[in-house]
Amino acid sequence: MSAASTAAPPTDAALAELADAGVATVYEAYGRRGLLDTDWTPLTPGRRTAGPARIAFCGQGDNRAVHEVMPYLRPGEVLVLTMPDPEPVALFGDLLATQAAACGAAAVLVNAAVRDSADLARLDFGTWTRWRRARGATKSERGSVNVPVEIGGTRVEPGDVIVLDDDGVTAVAAADVAETVRAVRGRVAKEDGLRRRWAAGEFSYDAYGMREADERETAQPEVSPGATPGAPS
Ligand SMILES: O=C([O-])CC(=O)C(=O)O
Ligand SMILES: [Mg+2]
């Protein structure tokens with residue numbers, strides 16, 4: 001995503017609109033960009049949320065950077081945790097989650113494992129993780145905090161808006177949030193209109209001209225190259 005530092009922080013209203021629209025709609029409205037294109041498990045299915053990224057890039061199998069990033073975490077932010085080569089090591093559990101809750105995190109995204117997952121599921125914020133695994137992280141490598149990272153093929157900068165729901169996770173560059181909210185509104189209105197038509201019995205196959213094109217193609221006799229139309233083959 002683009003440089004976050006120059007963009008004004010997103011408004012609560014913009015974040016609420018992106019969260020309500022959900023991952024698939026935001027990703028489509030953003031021109032099919034920003035998807036953190038890998039498998040995510042939400043610990044509390046049914047939840048939709050959005051917030052600016054607060055990032056810790058951990059050492060391999062190590063969560064010292066998660067401890068280091070915690071004092072930076074602000075209300076409404078999405079804590080993003082990753083490591084060079086994601087593997088099922090628990091970077092995050094109940095005790096770190098208790099700190100994130102006290103800071104007012106909107107969500108936690110763990111590109112590794114979490115543990116104590118039943119406790120995490122009871123908290124006010126949602127946790128999205130690659131794996132659930134008890135395997136413990138070391139606490140010795142410094143890592144980096146408040147740095148860009150790449151997750152699921154998408155570069156995420158601190159402050160980019162992360163949108164999370166049951167479908168997965170997508171990101172919008174901080175500088176593109178206002179424009180994306182407008183595009184999301186357009187898409188939601190368009191889909192509302194289509195939903196009404198489909199509910200009334202109309203078919204997209206007809207409305208999109210697919211049936212007509214298919215029938216036209218079927219009606220045309222197939223002519224093999226070099227053959228004389230009408231001549232027996
Ligand atoms: O301590 C850890 O490394 C992770 C954990 O289980 C917790 O935060 O409760
Ligand atoms: Mg624990």
Side-chain angles (χ1 to χ4, degrees), residues 4 15 19 23 36-171:
L15 294 173
V23 168
L36 276 57
D37 196 3
T38 190
D39 277 340
W40 298 105
T41 299
L43 294 188
T44 47
R47 195 185 283 252
R48 293 174 168 196
T49 190
R54 175 66 63 190
I55 300 173
F57 185 55
C58 294
Q60 188 65 29
D62 189 287
N63 70 358
R64 191 184 193 284
V66 186
H67 295 264
E68 185 183 347
V69 83
M70 216 51 89
Y72 292 99
L73 187 59
R74 296 288 170 268
E77 289 184 341
V78 174
L79 182 59
V80 174
L81 313 177
T82 189
M83 64 167 105
D85 186 15
E87 58 174 332
V89 170
L91 293 186
F92 193 76
D94 153 56
L95 290 174
L96 285 161
T98 302
Q99 296 176 54
C103 295
V108 178
L109 177 69
V110 185
N111 193 21
V114 301
R115 62 186 187 183
D116 313 319
S117 38
D119 299 317
L120 301 188
R122 278 193 285 272
L123 293 168
D124 276 346
F125 64 80
T127 300
W128 277 254
T129 186
R130 291 284 299 280
W131 299 282
R132 283 174 285 193
R133 192 72 64 91
R135 199 194 320 163
T138 54
K139 291 179 171 44
S140 48
E141 263 195 70
R142 189 72 200 273
S144 321
V145 301
N146 302 319
V147 290
V149 288
E150 190 179 313
I151 300 178
T154 289
R155 180 180 162 93
V156 182
E157 305 257 359
D160 285 352
V161 171
I162 310 295
V163 184
L164 314 92
D165 70 13
D166 288 355
D167 287 345
V169 184
T170 202

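For ligands, and for the atoms within them, numbers begin at 1 and follow the listed sequence.
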Quiz item: Near D116, which atoms of ligand 1 are under 4.0 Å from a heavy atom of that residue?
Solution: 5 (C), 6 (O), 7 (C), 9 (O)
Exercise. List the closest protein heavy-atom neighbour of atom 8 (O) of ligand 1: residue, atom name, distance to the nearest 0.1 Å.
Key: L96 N, 3.0 Å
Quiz item: Closest non-hydrogen protein atom to atom 6 (O) of ligand 1, residue and atom name please, with distance?
Solution: R115 NE, 2.6 Å
Exercise. Report the residue from N111, V156, T170, V23 that forms a side-chain contact (heavy atoms from CB on, under 4.5 Å) with L36.
Key: V156
Quiz item: With a cut-off of 6.0 Å (strictly less than), are more than 12 heavy atoms of other residues, nucleotides or ligands near CZ of R135?
Solution: yes
Quiz item: Is the number of heavy atoms from other residues, nucleotides or ligands under 6.0 Å of R47 CZ greater than 12?
Solution: yes
Practice problem: Give every protein N, O or S atom lying under 2.8 Å from the Mg ion (ligand 2), naming each by residue and atom. | Solution: D116 OD2
Quiz item: With a cut-off of 4.0 Å, which atoms of ligand 1 are near a heavy atom of D94?
Solution: 7 (C), 8 (O), 9 (O)
Quiz item: Is the closest side-chain donor-acceptor distance between S140 and D62 under 3.5 Å?
Solution: yes
Quiz prompt | Candidate pair D85 and Q60, rule side-chain contact (heavy atoms from CB on, under 4.5 Å), full reasoning | solution = CA-CA 7 Å; D85 186 15; Q60 188 65 29; 3.5 Å; yes
Quiz item: With a 4.5 Å limit on heavy-atom distance, are the side chains of K139 and N63 in contact?
Solution: yes
Quiz item: When you measure from atom 9 (O) of ligand 1 to every protein heavy atom, which one gives the shortest distance, and what is it?
Solution: L95 N, 2.8 Å
Exercise. Check side chain to side chain contact (heavy atoms under 4.5 Å, CB included) between A107 and all other residues, then give those that pass, not counting sequence neighbours.
Key: T49, V78, W128, L164
Quiz item: Counting only N and O atoms by type, is there a donor-acceptor contact under 3.5 Å from the side chain of D166 to the main-chain atoms of P45?
Solution: no
Quiz item: How far is atom 1 (O) of ligand 1 from its nearest protein heavy atom, and which residue and atom is that?
Solution: K139 NZ, 3.6 Å
Practice problem: Indicate yes or no for a side-chain donor-acceptor contact from T138 to the backbone of G61 under 3.5 Å, with no hydrogens or angles considered. | Solution: yes
Quiz item: Which atoms of ligand 1 have any heavy atom of N63 under 4.0 Å away?
Solution: 2 (C), 3 (O)
